**Q** 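Input: one structure, supplied below.
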Amino acid sequence: MGTPARKRRRTPAKEQTWSIPRLEEWGLSRGQQRLLVIIASVAGVLVAAVVLTFVVGSLGNDFVPQRATAAAISTQPRPDAYKGWVSPKLFAPIAQSKADPAPLTLKDIFAERVLKEGKITLKLAAGTKLDADCSVAVWGQGLVDQLAQSGCTQAARGVYASADGRYVAQYTLLNLRDTASADALVQSLTALHRGGWTNPLESGRARFPADGYTEASGHAMGHYAGLVWIGRTDGAEPGPKDDFVSLSLAVRGAEKVVFRRVVAATPPS
């Protein structure tokens with residue numbers, strides 16, 4: 001009789017670890033990350049959630065900066081280029097402010113004083129501000145009116161400087177009535193930013209130079225709208241060595257608070 005064939009042992013399946021690095025960096029536990037995926041439910045929406053952190057990469061890549069015409073030029077500081085993004089379905093649990101009633105706090109938004117993305121390291125300057133009157137945080141009557149129509153109840157601002165002193169960035173988070181209001185705001189700013197924008201916070205070297213070149217983007221996230229404003233401290237336009245994509249992504253680290261609110265507003269399954 002021949003030697004019986006040996007049964008091949010099955011290699012035990014490795015325990016599967018589940019984590020989205022970007023969300024883990026933002027302080028969400030694996031359970032919370034799973035919950036976000038459940039919220040997304042379909043692959044296309046999940047991809048949109050991941051792309052949310054990278055979509056600003058189109059700044060300087062797929063659109064031509066829109067310069068203000070001579071008639072629209074203002075002495076107030078404003079970005080030379082702007083791009084707006086409507087809210088992905090991931091933020092549906094906080095589509096209405098009544099589903100997320102707890103007010104924002106500076107501690108929640110700007111808890112981390114250092115934000116990193118790629119080779120960019122941003123440090124939060126002393127300048128942070130939270131206004132219950134949103135009109136105080138902006139200039140331009142058109143923008144003031146739009147915020148009033150959007151039911152804006154809070155405007156939080158924080159200014160950052162890069163560790164090498166090359167860049168300045170400001171993040172503004174607006175607490176609005178609903179997703180429709182947030183979407184309308186970030187889209188209307190495509191033209192509205194030429195005659196109205198957020199007031200800059202200044203702290204030491206973290207300041208936008210007068211008449212310097214800057215770029216901005218607006219991101220609707222449920223009933224919130226986040227406004228990113230970036231530039232070089234010397235006011236020059238970005239060159240080949242300037243990574244404005246990573247700079248934009250770094251300052252958006254302040255949006256961690258919004259992701260946490262999505263989790264908090266989602267009913268347990």
Side-chain angles (χ1 to χ4, degrees), residues 53-85 110 112-129 137-140 143 155-173 186 188-219 225-255:
T53 61
F54 296 96
V55 74
V56 74
S58 59
L59 283 176
N61 290 333
D62 70 350
F63 80 101
V64 177
Q66 295 175 316
R67 295 279 192 166
T69 61
I73 291 176
S74 171
T75 57
Q76 295 280 9
R78 50 145 184 81
D80 294 86
Y82 172 86
K83 183 72 173 180
W85 306 91
F110 303 114
E112 294 185 26
R113 301 191 65 84
V114 178
L115 301 175
K116 295 183 178 181
E117 182 65 39
K119 296 181 179 180
I120 301 291
T121 298
L122 293 177
K123 294 184 178 180
L124 184 66
T128 58
K129 201 169 189 303
V138 303
W139 63 269
L143 181 53
R157 288 172 289 162
V159 62
Y160 300 82
S162 62
D164 60 6
R166 186 179 180 85
Y167 305 110
V168 60
Q170 180 167 302
Y171 188 81
T172 302
L173 187 60
V186 299
S188 67
L189 280 169
T190 300
L192 194 60
H193 79 277
R194 296 169 179 172
W197 188 245
T198 59
N199 287 320
L201 293 175
E202 295 185 353
S203 178
R205 63 179 181 176
R207 64 177 63 215
F208 292 99
D211 301 321
Y213 176 89
T214 60
E215 292 184 5
S217 58
H219 308 269
L227 303 181
V228 173
W229 190 12
I230 58 175
R232 287 177 41 155
T233 52
D234 62 4
E237 294 191 20
K241 295 183 179 180
D242 293 306
D243 187 357
F244 269 29
V245 173
S246 292
L247 180 58
S248 299
L249 290 174
V251 71
R252 292 189 67 194
E255 292 172 358

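A quick note: this is a predicted structure, and the numbers were derived from the prediction, not measured.
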**Q** Could I get the full list of side chain to side chain donor-acceptor pair (under 3.5 Å) partners for Ser162, not counting sequence neighbours?
**A** Asp164
**Q** Looking at every heavy atom in both Phe110 and Tyr171, which two are closest together, and how far apart are they?
**A** CZ-O, 4.1 Å
**Q** How far does CG of Leu115 sit from CZ of Arg252, to the nearest 0.5 angstrom?
**A** 12.5 Å
**Q** If you compare all heavy atoms of Thr198 against all heavy atoms of Leu143, which two are closest, and at what distance to 0.1 Å?
**A** N-CD2, 4.5 Å
**Q** Just jot down the side chain to side chain contact (heavy atoms under 4.5 Å, CB included) partners of Lys123, sequence neighbours excluded, or say none.
**A** Val114, Ala163
**Q** Does Lys129 offer a backbone N or O that forms a donor-acceptor pair with the side chain of Arg157 under 3.5 Å?
**A** no
**Q** Could you tell me which non-hydrogen atom of Ser248 sits nearest to which non-hydrogen atom of Val251, and how far apart they are?
**A** O-CG1, 3.2 Å
**Q** Who are the side chain to side chain donor-acceptor pair (under 3.5 Å) partners of Trp229, not counting sequence neighbours?
**A** Thr214
**Q** Evaluate the side-chain proximity of Phe208 to Pro77: yes if any heavy-atom separation is below 4.5 Å, no if none is.
**A** no
**Q** Indicate the atoms forming the closest heavy-atom contact of Leu122 with Ala250, along with that distance.
**A** CD1-CB, 3.8 Å
**Q** Excluding sequence neighbours, so at least two apart, what forms side chain to side chain contact (heavy atoms under 4.5 Å, CB included) with Arg232?
**A** Arg166, Tyr167, Asp234, Ala236, Asp242, Phe244
**Q** Would you name the heavy atoms of Tyr160 and Ala254 that are closest together and state the gap between them?
**A** OH-CB, 4.1 Å
**Q** For the side chain of Gln170 and the backbone of Asn199, is there at least one donor-acceptor N/O pair under 3.5 Å apart?
**A** yes
**Q** With side chains defined as the heavy atoms from C-beta onward, is the minimum distance between Val138 and Thr172 less than 4.5 Å?
**A** no
**Q** Which pair of non-hydrogen atoms, one from Ile230 and one from Ala169, has the smallest distance, and what is that distance?
**A** CG2-CB, 3.9 Å
**Q** Mind checking what makes side chain to side chain contact (heavy atoms under 4.5 Å, CB included) contact with Ala155, not counting sequence neighbours?
**A** Cys134, Ala137, Leu174
**Q** For Val186, enumerate each residue passing the side chain to side chain contact (heavy atoms under 4.5 Å, CB included) test, keeping only those at least two apart in sequence or located in another chain.
**A** Tyr82, Ala220, Ala225
